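When a residue number appears, it is its place in the shown sequence, counting from 1. No experiment lies behind these values; they were computed from the predicted model shown.
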Amino acid sequence: MKNQQLYSRLAPEAVERVIRRFNDRELTMQEAMAALSVSRAQVYNLRTQWLAAGKKASFLGAAGGDRKSAWPTACVEEQKTLIEASKDDGPNFELYADELARKHEFVRDRSSVRKFCEKNLMTLMRSTFPVERKKPDNRYRRWEAESYGEVYQHDSTPRHIWGADGANQSIILSLDDATRQITAHRVCERENLLEHYAMLEPSFLRYGMPEAFYTDGFTLFGHEGEDLCTQFGRMCRAFGINHMIAPTPEAKGKIERAMRTFQHRIVVTLKAAGVDNEARANVLAGEHIAFWNRTHTNEETGEIPDVRAQRLVAEGRNRLRPVPNEKVLRLFLSRHVPRKVELGCRIDFMGRKWRIAKTLKKTVWLAIRPENRGFYVLEERPDPTNPVVPRILLAHRF
């Protein structure tokens, strides 16, 4: 009985009733497993499909139904494009299934996509993936935050997505530790502090501010000379965010695993779409990550990230805080650099002279904005212990 396909044993309405009661906690996991004669993992998979289908009985179409019918031509071509774009990363049938569902509303589970490829596209598969890649073993267990927004793990990695051979872009991600929700992302030509700020600003405005960031100890995040911390650390201090530096890569394993997953997914997705610029890359990456957050069950938590986040908020386990005054937000999500004041109240920046308002200060500070390609000239360096906007001597966009 257990070896038969679920859709051939039970009516969709009967399965839907069990999954609904399990989701509403009227049934335990053991009771749901017994009612459907399936494993624990299959119960979670069914609930994921049910939620993704809008809590309708038709959700079984993602797990069962007629899988022998011919694929639409557009879906076959899309699959070929995805396989060719995966050449450097190896096949990812779960990603292929997601892209078919997202772009063509053609729902197939991972195993069905793999069987189709092995039956119909094996010549392309063999020429693209001459060596089968093994999934790395990772069994190290780590602590988990109790509340949403308690800790954001933060990381980046270089990958070649477009341009000449050898040219690398960067992928930056932030992940909520408790829910595994990707809360911020960025694809950029070159990683620097301004790109991290450009990623964080829309995330702060959408979700709020976390209690802590957990990063590696690279120069961008670690200590720098006589200053108490980097400019990233000063930003965290201004917003009341605790900045923790991981002693080893294994200590921030959640974002390491997420980055390992998404660097392959995002690269394949963007290559398949022929993306060759930052703006388009961030739009498509955002769509893909949003789809992941609302549909994929995390292996460790057993819940969909967006659903888990909603549950923690409903239970009062939400540590995200609203943003401060938006002027203060923009001020500290800027790169601060000093400039000497020359005769006639001028400063030198970007190879030209800029006239600023009259001041008695011998040194002023530039606040360089990431997104709108502009800068402010400030009479004093912004103080993270007293986050207010100093006197502005010049505001300019370039």
Side-chain angles (χ1 to χ4, degrees), residues 5-7 41-42 45-46 48-49 51-53 58-136 159-162 169 171 182 185 187 258-277 280-297 299 304:
Q5 290 292 334
L6 183 63
Y7 70 89
Q42 184 68 353
N45 288 337
L46 289 169
T48 299
Q49 296 161 13
L51 292 170
S58 60
F59 78 102
L60 270 184
D66 181 11
R67 289 294 181 259
K68 297 182 180 180
S69 59
W71 281 26
T73 302
C75 294
V76 175
E77 294 303 317
E78 177 71 24
Q79 184 59 57
K80 291 179 180 178
T81 302
L82 289 168
I83 289 174
E84 292 170 350
S86 305
K87 181 177 181 179
D88 297 332
D89 298 276
N92 188 334
F93 298 101
E94 187 175 26
L95 167 63
Y96 303 159
D98 283 350
E99 289 299 283
L100 290 172
R102 181 176 70 87
K103 298 172 71 174
H104 300 278
E105 298 184 355
F106 185 69
V107 179
R108 290 294 185 271
D109 63 16
R110 176 184 178 278
S111 61
S112 295
V113 173
R114 178 167 189 161
K115 290 176 182 177
F116 177 87
C117 292
E118 290 174 347
K119 181 178 179 181
N120 301 279
L121 303 175
M122 183 52 74
T123 301
L124 177 61
M125 294 277 288
R126 285 175 176 167
S127 63
T128 306
F129 313 117
V131 178
E132 185 173 351
R133 303 168 191 267
K134 296 182 179 179
K135 183 178 180 181
R159 286 300 306 269
H160 173 69
I161 306 175
W162 65 80
Q169 290 74 43
I171 300 173
I182 302 297
H185 73 279
V187 180
M259 183 61 77
R260 188 166 60 237
T261 296
F262 279 101
Q263 66 175 313
H264 299 309
R265 284 176 155 263
I266 290 175
V267 168
V268 173
T269 301
L270 298 186
K271 284 184 177 179
V275 170
D276 61 358
N277 62 83
R280 182 63 176 155
N282 281 293
V283 171
L284 289 183
E287 293 174 356
H288 186 83
I289 288 173
F291 182 82
W292 173 279
N293 280 338
R294 68 174 182 265
T295 61
H296 273 262
T297 300
E299 292 181 1
I304 297 171

- Message: Before you tell me yes or no, could you show the steps for L82 and L95 under side chain to side chain contact (heavy atoms under 4.5 Å, CB included), namely the whole-Å CA-CA distance, both residues' side-chain angles and the distance that decides it to 0.1 Å?
- Response: CA-CA 9 Å; L82 289 168; L95 167 63; 5.5 Å; no

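- Residues V267 and D88 fail the side-chain proximity criterion, which asks for heavy atoms closer than 4.5 Å.
- No side-chain heavy atom of H185 sits under 4.5 Å from any side-chain heavy atom of F262.
- Closest heavy-atom contact between T128 and L124: OG1-O, 2.7 Å.
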- Yes or no on salt bridge (charged side-chain N to carboxylate O under 4.0 Å, His left out) for E118 and K115, after CA distance, side-chain angles and deciding distance? CA-CA 5 Å; E118 290 174 347; K115 290 176 182 177; over 6 Å; no

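- Between F93 and M125, the shortest heavy-atom contact is CZ-CE, 3.4 Å.
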- Task: In sequence, state the C-alpha distance, the side-chain angles, and the governing distance for R108 and W71, and then conclude on side chain to side chain contact (heavy atoms under 4.5 Å, CB included).
- Result: CA-CA 10 Å; R108 290 294 185 271; W71 281 26; 4.1 Å; yes

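- Side-chain atoms of W292 and T261, non-hydrogen and from C-beta on, do get closer than 4.5 Å to each other.
- Atom CD1 of I83 sits about 10.5 Å away from atom CD of E78, to the nearest 0.5 Å.
- Between N120 and C117 there is no side-chain heavy-atom pair separated by less than 4.5 Å.
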Would you mind writing out the side-chain donor-acceptor pairs for residues 282-291 within the sub-3.5 Å range, not counting sequence neighbours?
{"unit_1": "N282", "atom_1": "OD1", "unit_2": "V187", "atom_2": "N", "d": "2.8"}
{"unit_1": "N282", "atom_1": "ND2", "unit_2": "V187", "atom_2": "O", "d": "3.0"}
{"unit_1": "N282", "atom_1": "ND2", "unit_2": "E278", "atom_2": "O", "d": "2.9"}
{"unit_1": "E287", "atom_1": "OE1", "unit_2": "R102", "atom_2": "NH1", "d": "3.1"}
{"unit_1": "H288", "atom_1": "ND1", "unit_2": "E99", "atom_2": "OE2", "d": "2.9"}
{"unit_1": "H288", "atom_1": "NE2", "unit_2": "R265", "atom_2": "NH1", "d": "2.9"}

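- The two residues G90 and Y96 have their closest heavy-atom pair at O-OH, 4.3 Å.
- Here the OG1-CG distance, from T297 to L51, works out to 8.0 Å after rounding to the nearest 0.5 Å.
- Of all non-hydrogen atoms in F106 and P72, the two that sit nearest each other are CE1-CD, 3.4 Å.
- Taking all atoms of both residues into account, the shortest heavy-atom contact from A281 to W162 is CB-CZ3, 3.8 Å.
- Every residue was checked against the side-chain hydrogen bond (donor to acceptor under 3.5 Å, both in side chains) condition with R294, not counting sequence neighbours, and none meets it.
- Summarising the geometry of A85 relative to A272, their closest heavy-atom pair is CB-N, 3.6 Å, with the distance given to 0.1 Å.
- There is a side-chain donor-acceptor pair under 3.5 Å between D98 and H296.
- Note that CD of E84 is 10.0 Å distant from CG of L121, once rounded to the nearest 0.5 Å.
- The OG atom of S111 lies 11.0 Å from the CD atom of E94; values are rounded to the nearest 0.5 Å.
- D89 and R159 are joined by a salt bridge, as a carboxylate oxygen and a charged side-chain nitrogen come within less than 4.0 angstrom of each other.
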